[in-house]
Amino acid sequence: MDRQRHIVVILPHPDDEGIIAGTLAAHIQEGAAITYACLTLGEMGRNMGNPPFANRATLPLIRKGELEEACRRIGIRDLRMWGYHDKTIEFEDEEKLADRIEALLAELEPECVYTFYPGYSVHPDHDATGAAVVRAVGRMPADKRPRVLCIAIAAGREKLLGPPDELHDVSDYVEQKIYAIHAHETQIRHLLGGGTLDDPSFRARYSRELFWTYLFPEEGEGAPLE
């Protein structure tokens with residue numbers, strides 16, 4: 001991983017950051033500052049704990065606390081909760097969302113932005129978030145743009161996108177990563193399926209984080225967004 005001065009993470013749901021928690025912890029250890037813009041509180045999630053301890057009314061506040069705790073465990077100090085409604089990002093005005101993202105990037109001038117790869121991230125909120133990030137960055141002069149490193153989770157992603165541009169070995173941070181994921185107590189069974197770090201195959205699976213660089217059309221790839 002290259003050393004970075006400031007990094008912005010833009011994801012739609014509490015617990016999405018767990019996918020890249022090892023990378024984020026490594027960046028922080030190397031001295032980078034990280035700002036995490038989480039678009040929703042995941043209030044429409046179906047998981048209420050196991051056994052259930054949340055309900056539809058209490059889930060937003062519980063998930064807010066879980067998100068704050070996960071960020072503390074990773075080391076993220078600048079968490080910004082933007083207050084959009086879960087499962088509706090695809091229906092937001094994309095220009096207005098891109099405006100907000102562009103303002104954040106102008107404020108922070110990051111070297112790198114982490115988000116979901118639009119069209120390759122399964123959940124409509126994931127894809128819509130990534131699309132808004134790409135739109136915002138694409139407005140910027142080419143020589144001023146941060147790198148956009150994307151999470152892709154669609155089946156057959158490597159066949160569709162090619163091999164990842166970056167493969168981060170986060171084995172030195174895997175315990176911290178799993179500890180951060182465990183902060184999401186309502187979601188933990190869904191997130192980890194009961195696996196533990198005592199299982200070498202589980203440890204190995206969570207010690208690798210894959211990223212695809214979004215290349216804008218003038219850079220040779222990347223699909224322009226209408």
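All residue numbers refer to positions in the sequence shown, counting from 1.
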* To do: First locate atom CD of Gln187, then atom CE of Met48, and finally report the distance between them rounded to the nearest 0.5 Å.
  => 8.5 Å
* Are Asp16 and Thr129 close enough that some pair of their side-chain heavy atoms sits under 4.5 Å apart? -> no
* Within-4.5 Å side-chain heavy-atom neighbours: Val134 and Phe216 -> yes
* Asked: Under 4.0 Å between a Lys/Arg side-chain N and an Asp/Glu carboxylate O for Arg139 and Asp99?
  -> yes
* To do: Just say parallel, tilted or perpendicular for the rings of Phe202 and Tyr206, cut-offs at 30° and 60°.
  => tilted
* To do: Quick one: pull up CD in Glu66 and CG in Leu61 and give me the separation to the nearest 0.5 Å.
  => 10.0 Å
* Compare every heavy atom of Leu149 with every heavy atom of Cys112, then report the nearest pair and how far apart it is. => SG-CD1, 3.8 Å
* Would you find a donor on one side and an acceptor on the other, under 3.5 Å apart, between the side chain of Arg189 and the backbone of Asn50? -> no
* **Tyr114 and His27: side chain donor to acceptor below 3.5 Å** => yes
* With the 4.5 Å side-chain cut-off for hydrophobic clustering, are Ile89 and Leu104 part of the same group? -> yes
* Asked: Is it true that Ile19 and Leu24 fall in one hydrophobic cluster, defined by side-chain heavy atoms closer than 4.5 Å?
  -> yes
* **Distance (rounded to the nearest 0.5 Å) between Ile178 CD1 and Tyr173 OH** => 15.5 Å
* To do: Examine distances only and state if a side-chain atom of Thr115 and a backbone atom of Ile10 form a donor-acceptor pair shorter than 3.5 Å.
  => yes
* Structure fact -> Between Ala180 and Ala70 the two heavy atoms that sit nearest each other are O-CB, 3.6 Å
* Asked: Can you find a pair of side-chain heavy atoms, one from Ile62 and one from Phe53, that are under 4.5 Å apart?
  -> yes
* Asked: Going by an N to O cut-off under 4.0 Å, is there a salt bridge joining Glu166 and Arg147?
  -> yes
* Quick one: do Arg135 and Glu95 satisfy salt bridge (Lys or Arg N to Asp or Glu O under 4.0 Å)? Show the steps, please. => CA-CA 8 Å; Arg135 184 176 292 278; Glu95 289 294 336; 3.2 Å; yes
* For residues Thr58 and Asn55, is any side-chain donor paired with an opposing acceptor at under 3.5 Å? -> yes
* To do: Can you establish whether the number of heavy atoms outside Arg77 located under 6.0 Å from its atom CZ is more than 12?
  => no
* Residue that, paired with Val9, satisfies side chain to side chain contact (heavy atoms under 4.5 Å, CB included) out of Ile34, Asp78, Val113 -> Ile34
* Walk me through it: do Arg72 and Glu68 pass the test salt bridge (Lys or Arg N to Asp or Glu O under 4.0 Å)? => CA-CA 6 Å; Arg72 187 190 69 78; Glu68 292 169 335; over 6 Å; no
* Side chains of His184 and Asn47: closer than 4.5 Å at any heavy-atom pair? -> no
* **Distance in Å, Leu160 CG paired with Tyr120 OH, rounded so as to fall on 0.5 Å steps** => 5.5 Å
* **Side chains of Leu192 and His182 in contact at under 4.5 Å (non-hydrogen atoms)** => yes
* **Point-to-point distance, once rounded to the nearest 0.5 Å, from CG of Asp15 to OG1 of Thr186** => 8.0 Å
* Asked: Just wondering, are more than 12 heavy atoms of other shown residues or ligands nearer than 6.0 Å to CZ in Arg56?
  -> yes
* **Face-on cation placement of Arg157 at Trp212 ring, 6.0 Å and 45° thresholds** => no
* Going hydrophobic residue to hydrophobic residue with side-chain gaps under 4.5 angstrom, can you get from Leu105 over to Leu39? -> yes
* Asked: When you look at NZ of Lys64, are more than 12 heavy atoms from neighbouring residues, nucleotides or ligands closer to it than 6.0 Å?
  -> no
* **Closest non-hydrogen atom pair, Pro124 against Glu90** => CB-OE2, 3.3 Å
* Drop me the distance from Ile74's CD1 to Gln176's CD, to the nearest 0.5 angstrom. => 7.5 Å
* Six-ring centre of Tyr179, Arg73 cation under 6.0 angstrom, axis tolerance 45° -> yes
* ILVMFWY network linking Met81 to Phe116, side-chain heavy atoms under 4.5 angstrom -> yes
* **CZ/Arg208: more than 12 non-hydrogen atoms of other groups inside 6.0 Å** => no
* Asked: Would you say the side chains of Glu17 and Tyr36 form a donor-acceptor pair under 3.5 Å?
  -> yes
* Would a hydrophobic clustering, with Ile, Leu, Val, Met, Phe, Trp and Tyr connected at side-chain separations under 4.5 Å, put Ile181 with Ile153? -> no
